Number of protein chains: 2
Amino acid sequence: MNESQAIEALAALSHETRLRIVRHLVTRAEAGDSAGAIGEVVDAAPSKITFHVSALERAGLVSSERVSRQIVYRINFEQMGRVLNYVLTDCCANNATVMTCCGIKS
Amino acid sequence: MNESQAIEALAALSHETRLRIVRHLVTRAEAGDSAGAIGEVVDAAPSKITFHVSALERAGLVSSERVSRQIVYRINFEQMGRVLNYVLTDCCANNATVMTCCGIKS
DNA sequence: ATGATATTACAAGTATTGTTGAAATATGAA
DNA sequence: TTCATATTTCAACAATACTTGTAATATCAT
């Protein structure tokens, strides 16, 4: 993960609706969820879901797969971890205080 | 840390100049650095530094202290850790894959 | 007080991002 | 093919964020 990828991911995460989408998709894990179902959970119109979920997908935080009439979105756990690792390592130089406050032991 | 604080912090981190400022202040640690010195390192005009460093300060990621004619800025390591912890815990439910990709053992 | 230095505040303009509703596309069922 | 459902695309608009240069403020030294 390079700087511009990290910036895109951080920007994608810095929005209430998108954070709600992420949280919901995390609970769905491998099952994922359709745009329509996501829209009901986060209470947003279809075009809004497309807009925000596209931002998450561009950032690599979410993947999509068409399943018949629906498009199923899934969270990309690896990418979420990479973003956190980028901030921790490339920005904070694995600072001990940051790691402790982040809840990391070693 | 609540959701809106996390969103503000993530937004603050999702900008090239601000990320450069953070990286620089991390290397300076407790010593911190003045606005002018930061401006030279990240190659930005004074008003630009004020604008971006203010965003970081509003997000609690940086603190400031006047020392004679200069204002010294310091990174807030605790807050950096809290943001990462928020994403890891409140958004990713401490998912094992996320933790592994983030470089966390336990 | 005056002048020099460091920083911030402001205003104007530009750019980017987000919202909304309507039209277009894709898929499956009758 | 025709209809219904699911999603995307688009255009117009609103709201934020960023940049730039200039003026204002704060501090220190003379």
Side-chain angles (χ1 to χ4, degrees), chain A residues 3-25 28 31-75 83, chain B residues 3-25 28 31-75 83:
Chain A
E3 181 176 70
S4 66
Q5 290 174 320
I7 287 172
E8 192 167 22
L10 290 166
L13 292 173
S14 62
H15 189 280
E16 191 182 353
T17 301
R18 292 193 295 263
L19 218 45
R20 273 196 243 157
I21 293 173
V22 165
R23 249 190 290 259
H24 173 61
L25 290 182
R28 304 279 308 176
D33 212 355
S34 67
I38 295 170
E40 288 188 7
V41 172
V42 310
D43 191 35
S47 63
K48 213 169 170 180
I49 294 298
T50 298
F51 176 80
H52 289 301
V53 103
S54 295
L56 289 167
E57 198 173 10
R58 268 196 309 279
L61 296 168
V62 155
S63 66
S64 65
E65 179 198 6
R66 182 170 275 275
V67 177
S68 126
R69 243 179 300 192
Q70 317 192 324
I71 295 186
V72 171
Y73 293 97
R74 289 188 190 83
I75 193 78
V83 180
Chain B
E3 182 176 69
S4 66
Q5 290 174 320
I7 287 172
E8 191 167 24
L10 290 166
L13 292 174
S14 61
H15 189 280
E16 191 182 353
T17 301
R18 290 192 295 261
L19 218 44
R20 272 197 245 157
I21 293 173
V22 164
R23 251 190 289 258
H24 173 61
L25 290 182
R28 303 280 306 176
D33 212 355
S34 66
I38 295 171
E40 287 189 7
V41 172
V42 308
D43 192 34
S47 62
K48 213 170 172 179
I49 294 298
T50 297
F51 177 80
H52 289 301
V53 103
S54 296
L56 290 167
E57 197 172 10
R58 268 196 309 278
L61 295 168
V62 155
S63 66
S64 65
E65 180 197 5
R66 169 142 247 157
V67 177
S68 128
R69 243 177 301 190
Q70 318 193 322
I71 295 186
V72 171
Y73 293 97
R74 290 187 190 83
I75 193 78
V83 180

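Labels below follow one simple rule: chain letters A, B, ... track the order of the sequence lines, proteins then strands, and each chain is numbered from 1. Here the structure is a predicted model, which means the values were calculated and not measured.
- The distance from atom CD1 of Ile7(A) to atom C1' of dT17(C) is 16 Å, rounded to the nearest whole Å.
- Which of dG28(C), dT7(C), dC18(D) sits closest to the side chain of His52(B) comes down to dC18(D).
- For Glu57(A) and dT7(D), the CD to C1' distance is 13 Å, given to the nearest whole Å.
- The distance from atom CD of Glu40(B) to atom C1' of dT5(C) is 13 Å, rounded to the nearest whole Å.
- As judged by a 4.0 angstrom heavy-atom cut-off over every strand, Ser47(B) is placed among the base-contacting residues.
- The main-chain N or O of Gly60(B) is never found under 3.5 Å from a side-chain atom of Arg58(B) such that the two would form a donor-acceptor pair.
- Look at CG on Leu56(B): it is 14 Å from C1' on dC18(D), rounded to the nearest Å.
- When the nucleotides dT8(D), dT20(D), dG28(C) are ranked by their closest atom to the side chain of Lys48(B), dT20(D) comes out on top.
- By the 4.5 Å heavy-atom criterion applied to side chains, Glu57(B) and Tyr73(B) are counted as neighbours.
- The residue Thr50(A) sits close to a base: some heavy atom pair falls under 4.0 Å.
- The distance between atom NE2 of His15(A) and atom P of dA15(D), rounded to the nearest whole Å, is 14 Å.
- For Pro46(A), the side-chain atoms get nearest to dT7(D) when compared with the rest of dT5(D), dT7(C), dT7(D).
- Of all the heavy atoms in Leu13(B) and Leu19(B), the pair that sits closest is O-CD1, 3.3 Å.
- In terms of position on DNA chain D, the residue among Arg69(A) and Phe51(A) whose nearest nucleotide sits closer to the 5' end is Arg69(A).
- Proximity of Tyr73(B) to the phosphate of dT8(C): a side-chain N or O atom is located under 4.0 Å from OP1 or OP2.
- In this structure, CD1 of Ile21(B) is placed 13 Å from P of dT7(C), rounded to the nearest angstrom.
- Here the closest heavy-atom approach between residue Arg18(A) and residue Ala55(A) is recorded as CD-CB, 3.9 Å.
- Rounded to a whole Å, the CD atom of Glu16(B) is 18 Å from the P atom of dA15(C).
- Side-chain proximity of Ser34(B) to the nucleotides dT7(C), dT27(C), dA6(D) is greatest for dT7(C).
- Distance from the side chain of Arg18(A) is smallest for dG18(C) among the nucleotides dG18(C), dA29(D), dT27(C).
- Positionally, the nearest nucleotide of DNA chain C for Gly36(B) lies more toward the 5' end than for the other of Gly36(B) and Ala11(A).
- Of the inter-residue distances, the one linking Ile38(B) atom CD1 with Glu40(B) atom CD reads 11.0 Å to the nearest 0.5 angstrom.
- Computed from coordinates, the Ile71(A) CD1 to dG28(C) C1' distance equals 14 Å when rounded to whole Å.
- Counting only heavy atoms from C-beta on, Gln70(A) has its side chain closest to dT7(D) among dT7(C), dT7(D), dA4(D).
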